[in-house]
Undergrad: 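Take this structure, written in structure tokens, and hold onto it; I'll ask about it next.
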Amino acid sequence: MAKSPVTVTVTGAAGNIGYALLFRIASGALLGNDVPVRLNLLEIPQGLKAAEGTAMELNDSAFPLLESVNIYDDANKAFDGSSVGLLVGARPRTKGMERADLLEANGGIFGPQGKAINDHAAEDIRVLVVGNPANTNAVIAMQNAPDVPRDRFTAMMRLDHNRAISQLAEKTGSRVADIKKMTVWGNHSADQHPDISWATVNGKPATDLVDDAWVNEYFVPTVAKRGAAIIEARGASSAASAASAAIDHVFDWVNGTPEGDWTTPGIYSDGSHYGVPEGLIFGFPAIAEGGEWKVVEGLEISEATQVGIDRNIKAAQEELDAVRALGLIK
Ligand SMILES: NC(=O)C1=CN([C@@H]2O[C@H](COP(=O)(O)OP(=O)(O)OC[C@H]3O[C@@H](n4cnc5c(N)ncnc54)[C@H](O)[C@@H]3O)[C@@H](O)[C@H]2O)C=CC1
Ligand SMILES: O=C([O-])CC(=O)C(=O)O
């Protein structure tokens, strides 16, 4: 039997990530190749014309699963009946700009969008925040949607996770498909802690295949600073890889993570996992089952990992304090 169409809302639809994302959603990569999709695109007024152009191209692609494309500059309309919200629209970091500079510029966007989700989205709404600073923006949206279960708000750590897998595959001369159980703790920022403690390469512990010096001096900083390296090289921030990671995150959330593996989403901390305080949206090793993320329990945490987790807790709390001071959260 044909499945019912699902409404997917993409904010910042006319931007670089939007352009790389929408065609894959319409092709069935986001939810499954048997799930029809209704796309709602949200833009600011200056972005509407470009969004119309993208919508024309989406229609010209004649995707069998694409039921409709609608364009809005009103979040209340764009999230009406939405089951998946991809919150991409934000001001991108430009050369030389630090993440903290983005707080004020972007903080104001995610409160009203959270409220619109609260008031108009479907009951099964699942939100992925991509726009930076993603973890903090996700908390802002979540706090403005008190009627939506908190665990429906997530932030994108999947790009960091994918970057970490790619680096380990290259170092060990293996394929990305051979690598399992990668973890990136914390925030989508230079503070993040990419962690190979439980990663395996073709079933062998990654820690037996690479030395500590490579991990500490190359792997961790390369993954954590990859966003800046892409900006330096491309003159623009990661777009196609970010879109691809967003697809991976939502696909796994809805369809489940593969047996014997886990991934890294930025998810709501209820205070019961690895000492991360309640209220943060934080990168954890997690599996998805039945449409819910579940943190992988019982991992033995090394001293280095603990330092990384603690650094991220501190940075996340400082960032939330800054947006609290701006009156954007409680
Ligand atoms: N979490 C992650 O792993 C990553 C996050 N990013 C972030 O994603 C965001 C988007 O990046 P790009 O697409 O490259 O930027 P872009 O500048 O190309 O596109 C952003 C779009 O958002 C729109 N926009 C701005 N405010 C809006 C609002 N209130 N409602 C709806 N649309 C709005 C703009 O008009 C623009 O079309 C940036 O914050 C960037 O830093 C980028 C890469 C990775
Ligand atoms: O660094 C940036 O501004 C873009 C980004 O989030 C990334 O590529 O990881």
Side-chain angles (χ1 to χ4, degrees), residues 9-22 40-54 71-79 85-117 127-138 140-141 154-164 166 184 186-192 194 222-250 264-266 281 283:
T9 303
V10 178
T11 77
N16 288 303
I17 295 176
Y19 195 71
L21 184 59
L22 290 165
N40 283 358
L41 316 187
L42 179 67
E43 259 297 342
I44 50 176
Q46 305 89 288
L48 289 176
K49 193 154 187 283
E52 274 162 29
T54 305
I71 303 166
Y72 303 98
D73 62 1
D74 177 346
N76 294 316
K77 291 184 182 146
F79 285 107
L86 297 167
L87 276 51
V88 178
R91 180 152 164 230
R93 184 156 65 117
T94 41
K95 219 168 164 171
M97 195 176 178
E98 274 313 313
R99 194 167 186 264
D101 301 334
L102 289 175
L103 282 177
E104 195 157 5
N106 286 321
I109 296 174
F110 291 85
Q113 289 182 359
K115 187 166 182 341
I117 288 167
V127 178
L128 171 63
V129 175
V130 174
N132 279 324
N135 302 56
T136 295
N137 290 339
I140 296 171
T154 64
M156 195 160 89
M157 294 295 294
R158 186 58 174 263
L159 180 54
D160 311 291
H161 179 94
N162 288 350
R163 288 167 171 166
S166 161
V184 185
N187 308 311
H188 176 69
S189 76
D191 293 310
Q192 67 184 246
T222 299
V223 174
K225 295 182 186 157
R226 188 70 162 182
I230 301 281
I231 291 170
E232 187 62 38
R234 239 171 61 84
S237 64
S238 314
S241 55
S244 195
I247 297 275
D248 292 344
H249 176 112
V250 174
T264 307
I281 290 186

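Just so you know, these numbers use all the heavy atoms, side chains as well, and skip hydrogens, waters and symmetry mates. Ligands are counted one by one from 1 in listed order, and the atoms in each one are counted from 1 as well. We're numbering straight along the sequence, starting at 1. In this text, all values refer to a predicted model and were calculated from it rather than measured experimentally.
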Undergrad: Would R226 count as a contact residue for ligand 2, given that I'm defining contact as a non-hydrogen atom of the residue lying under 4.0 Å from a ligand atom?
TA: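 So R226 does not count as touching ligand 2.
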Undergrad: Just distances here: any N/O of S237 and N/O of ligand 2 closer than 3.5 Å?
TA: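 No, S237 has no N/O under 3.5 Å of an N/O on ligand 2.
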Undergrad: If you apply the rule side-chain contact (heavy atoms from CB on, under 4.5 Å), what do you find for S241 with L159, and how did you get there?
TA: CA-CA 7 Å; S241 55; L159 180 54; 3.7 Å; yes
Undergrad: Looking at ligand 2, does I230 have a heavy atom less than 4.0 Å from it?
TA: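 So I230 does not count as touching ligand 2.
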Undergrad: Report the part of A239 in contact with ligand 1, treating N, CA, C, O as backbone and CB onward as side chain, heavy atoms under 4.0 Å; options are side chain, backbone, both, neither.
TA: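 For A239, no heavy atom sits under 4.0 Å from ligand 1.
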Undergrad: Please check if any side-chain donor atom of Q192 sits under 3.5 Å from a side-chain acceptor atom of N187, or the reverse.
TA: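 Result is no, nothing qualifies.
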Undergrad: Y19: what forms a ring-ring contact (aromatic ring centres under 6.0 Å, His included) with it, not counting sequence neighbours?
TA: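 Here the qualifying residues are F23.
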Undergrad: To the nearest 0.5 Å, what is the distance between OG on S237 and CD1 on I17?
TA: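 Reported to 0.5 Å precision, the distance equals 6.0 Å.
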Undergrad: Would you kindly specify which portion of Q46 sits under 4.0 Å from ligand 1, judged on non-hydrogen atoms: side chain, backbone, both or neither?
TA: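 Q46 to ligand 1: no contact under 4.0 Å from either part.
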Undergrad: For ligand 1, which atoms, with element, lie under 4.0 Å from some heavy atom of L159?
TA: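 It comes down to these atoms of ligand 1: 3 (O), 44 (C).
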Undergrad: When T154 is tested against each of V250, I281, L128 for side chain to side chain contact (heavy atoms under 4.5 Å, CB included), which residue passes?
TA: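 For T154, the side chain to side chain contact (heavy atoms under 4.5 Å, CB included) test succeeds with only one of V250, I281, L128, which is L128.
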Undergrad: Under the side-chain hydrogen bond (donor to acceptor under 3.5 Å, both in side chains) test, which residues partner D248, sequence neighbours left out?
TA: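 Partners of D248 by the side-chain hydrogen bond (donor to acceptor under 3.5 Å, both in side chains) criterion, ordered by chain and then number, come out as N162.
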Undergrad: Regarding ligand 1, does S238 bring an N or O atom to under 3.5 Å of one of the ligand's N or O atoms?
TA: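 No: no nitrogen or oxygen of S238 is under 3.5 Å from one in ligand 1.
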Undergrad: Show me which atoms of ligand 1 lie under 4.0 Å from any heavy atom of Q113.
TA: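 The list of qualifying atoms is 28 (C), 29 (N), 30 (N).
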Undergrad: Kindly determine whether L87 and I117 satisfy side-chain contact (heavy atoms from CB on, under 4.5 Å), including the steps that lead there.
TA: CA-CA 11 Å; L87 276 51; I117 288 167; 4.3 Å; yes
Undergrad: Restricting to non-hydrogen atoms, name the atom on G85 and the atom on F79 that form the minimum distance, rounded to 0.1 Å.
TA: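 Heavy atoms of G85 and F79 come nearest at CA-CE2, 4.2 Å.
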Undergrad: In ligand 1, which numbered atoms sit nearer than 4.0 Å to a non-hydrogen atom of S237?
TA: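 Answer for ligand 1: 14 (O).
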Undergrad: Heavy-atom contacts with A14 under 4.0 Å: which atoms of ligand 1 show up? List them by number with element.
TA: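 So the atoms of ligand 1 that pass are 37 (O).
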Undergrad: Could you go through the side-chain contact (heavy atoms from CB on, under 4.5 Å) check for L22 and V10 one step at a time?
TA: CA-CA 8 Å; L22 290 165; V10 178; 3.8 Å; yes
Undergrad: Between E43 and A51, what is the shortest heavy-atom contact and its length?
TA: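 Closest approach of E43 to A51, heavy atoms only: CG-CB, 4.2 Å.
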Undergrad: Yes or no: does R163 have any heavy atom under 4.0 Å from an atom of ligand 2?
TA: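 Yes.
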Undergrad: Is R158 close to T264 at the side-chain level, that is, under 4.5 Å between some pair of heavy atoms?
TA: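 They are not in side-chain contact.
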Undergrad: What do you reckon, does H188 have a nitrogen or oxygen under 3.5 Å from a nitrogen or oxygen of ligand 1?
TA: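 In this structure, H188 places an N or O atom under 3.5 Å from an N or O of ligand 1.
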Undergrad: When you look for heavy atoms under 4.0 Å from ligand 1, do you find them on the side chain of V130, its backbone, both, or neither?
TA: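 Within the 4.0 Å criterion, V130 contacts ligand 1 through backbone and side-chain atoms alike.
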Undergrad: Examine ligand 2 and decide if any of its atoms is less than 4.0 Å from a heavy atom belonging to D160.
TA: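 False for this residue.
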Undergrad: If you measure every N or O of N132 against every N or O of ligand 1, does any of those distances drop under 3.5 Å?
TA: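 Yes: some nitrogen or oxygen of N132 is under 3.5 Å from one in ligand 1.
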Undergrad: Does I109 approach ligand 1 within less than 4.0 angstrom via side chain, backbone, both or neither, non-hydrogen atoms only?
TA: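 The answer is the side chain of I109.
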Undergrad: By number and element, which atoms of ligand 1 are closer than 4.0 Å to a non-hydrogen atom of M156?
TA: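 So the atoms of ligand 1 that pass are 1 (N), 2 (C), 3 (O).
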Undergrad: Mind checking whether G12 has an N or O less than 3.5 Å away from an N or O of ligand 1?
TA: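 Yes, G12 has an N/O under 3.5 Å of an N/O on ligand 1.
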Undergrad: Please identify which atoms of ligand 1 are closer than 4.0 Å to at least one heavy atom of A242.
TA: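 Selected atoms, number and element: 43 (C), 44 (C).
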Undergrad: Closer than 4.0 Å to some heavy atom of G227 - which atoms of ligand 2 meet that?
TA: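 Listed by number with element, the hits are 1 (O), 7 (C), 8 (O), 9 (O).
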Undergrad: Only heavy atoms of H188, strictly under 4.0 Å: list the atoms of ligand 2 that pass.
TA: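 Answer, ordered by atom number: 5 (C), 6 (O), 7 (C), 9 (O).
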Undergrad: Run the numbers for me: atoms of ligand 2, each under 4.0 Å from some heavy atom of S238, listed by number.
TA: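 Selected atoms, number and element: 8 (O).
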Undergrad: Would you confirm whether N137, through its side chain, and G131, through its main-chain N or O, come within 3.5 Å as a donor-acceptor pair?
TA: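 Yes, the answer is positive, given that a donor and an acceptor are paired below the 3.5 Å cut-off.
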Undergrad: To the nearest 0.5 Å, how far apart are CD in E52 and CD1 in I71?
TA: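 Result: 5.0 Å between the selected atoms.
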